[in-house]
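A short worksheet on the structure shown next.
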2 protein chains.
Amino acid sequence: MNLTSQTQAFVLHFGEMGSRWGFNRTVGQMFALLTVHSEPLNADQLAQALKISRGNVSMGLKELQAWRLVEMHHLPGDRKDYFTAAGSIWDLARTVFEERRKRELDPTLTLLRQLLLNEPQDEQEAQAQERMREVYSLLELLDQFANTLSGLDQKDLLKLMKLGSGISKLLLKGKGGSRKQ
Amino acid sequence: MNLTSQTQAFVLHFGEMGSRWGFNRTVGQMFALLTVHSEPLNADQLAQALKISRGNVSMGLKELQAWRLVEMHHLPGDRKDYFTAAGSIWDLARTVFEERRKRELDPTLTLLRQLLLNEPQDEQEAQAQERMREVYSLLELLDQFANTLSGLDQKDLLKLMKLGSGISKLLLKGKGGSRKQ
DNA sequence: TACAATTTTCAGAAATTTCTGAAAGTTCAT
DNA sequence: ATGAACTTTCAGAAATTTCTGAAAATTGTA
């Protein structure tokens, strides 16, 4: 398992970006490698290719499994666990999107719901709550929208994303068609 | 500057979530506080309210300014700098969205453009490049879509986000209307 | 059951990030 | 120019996160 300099660069970059995307360096690297490498890899191969410890690989795989980004496989006559990226690039992107929604939005929605149950005790608190309510509505809307997008099939998603500025026109056309909740 | 327990909870939560949203704990807390507090606050007030050092506040404000999330104000007869959240909740969300796009997508697009210029030297490399090309197309599409969304005015954005599953129907209606690039 | 192959765990080490506070820098009024 | 009010900087301290590697646990086979 020697990485070409191309793959090396890709893997290292994903490691750097990892923290911005919600995982740590080595998890990012493992994800990148499994994404470009079409053959399944086992833990030792990952450790060797990325020059990290066996234990770290084990933890990283656990994390990637929690994100539902990898699939485990078994080769006949080999007791090792082998891993591949879970599905197509689109599948992976969708999964990352969904997991991030869960991790970045849900906890805040829960907290805000909680806080907004309390009666404000004075004017200052009432004003703060008003702002929190605005934050809440916006995040909830975002959450629902993210949900809707996750639910679209690839064809529709592609169509939507390619609309560009045409989206405004479409929204105009559709006026009144939004009979919902 | 005493925080009510409500505001305290909100601020601490934003501190915890901070790292998932792209800033560190104290920056998250400062942002939260400036968001719920409608009056402008100066650096000393922030430091006191959040129990952090003056120097940390200074760095945090610099960071929030880099994110374009705060505005500086001056009160007549007072030499201190005062800060408020930059605009409405919607403005803030839009700004966070745009900044995150910049930080999470652009560097990767740049790298991938670079890597894809190289001629693959063998079959394995060709295959890896093929995957990278898929990643690139998807991220570029995402980037453009994010761009489009940023460009929509609040009314359209609201309309779009509230469509829910109605979006598929609309996409069907609009068939052929996507005359672009 | 015994044991070899493999994975997981986790305490402590290493690396990284964040924070403090004192010193340096800036700005403004006189 | 001076000095008071304020902000920024940044070296080192503190906190947090990540990583290692040896030991424990698990799994499959004979």
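A note on names: the letters A, B, ... follow the listed sequences, proteins ahead of strands, and every chain is numbered from 1.
Results of the side-chain hydrogen bond (donor to acceptor under 3.5 Å, both in side chains) test with B:His73 over B:Asp78, B:Thr84, B:Asn42, B:Asp81 single out B:Thr84 as the only residue that passes.
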#### Entry: Trace of the side-chain hydrogen bond (donor to acceptor under 3.5 Å, both in side chains) decision for A:Ser88 with A:Asp91
CA-CA 5 Å; A:Ser88 70; A:Asp91 295 332; 3.2 Å; yes
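At a threshold of 4.0 Å, the pair B:Glu98-B:Lys102 does not count as salt-bridged, since none of the basic side-chain nitrogens sits closer than that to a carboxylate oxygen. Of the charged side-chain nitrogens involved, at least one lies within less than 4.0 Å of a carboxylate oxygen, so that B:Arg100 and A:Glu104 count as a salt-bridged pair.
Nearest-nucleotide positions on DNA chain D for B:Ser19 and B:Arg79 put B:Arg79 closer to the 5' end.
Summarising the geometry, the separation between OH on A:Tyr82 and P on C:dT6 is reported as 9 Å, rounded to the nearest angstrom. The interatomic distance linking B:Lys80 (NZ) with D:dT7 (P) rounds to 7 Å, in whole Å. Put simply, CG on B:Asn56 is 15 Å from C1' on C:dA22, counting in whole angstrom units. Here the P atom of nucleotide D:dT20 and the CD1 atom of A:Ile52 are 6 Å apart, to the nearest Å.
Of all the residues in residues 58-75 of chain B, B:Ser58, B:Met59, B:Lys62 reach under 4.0 Å from DNA chain D with at least one non-hydrogen atom. DNA chain C lies under 4.0 Å from at least one heavy atom of each of the following residues of residues 20-51 of chain A: A:Arg25.
Both B:Phe23 and B:Leu105 are members of a single hydrophobic cluster when ILVMFWY side chains are connected at heavy-atom separations under 4.5 Å. Grouping the Ile, Leu, Val, Met, Phe, Trp and Tyr side chains by contacts below 4.5 angstrom, directly or via other members, places B:Val27 with B:Met72.
B:Phe14 has its ring centre less than 6.0 Å from the ring centre of B:Trp21.
The side chain of B:Ser53 has C:dC19 as its nearest neighbour among D:dC6, D:dC19, C:dC19.
The CD atom of A:Gln48 sits 8.5 Å away from atom CG of A:Leu3, with the distance rounded to the nearest 0.5 Å.
Proximity of B:Arg54 to the phosphate of D:dT7: a side-chain N or O atom is located under 4.0 Å from OP1 or OP2.
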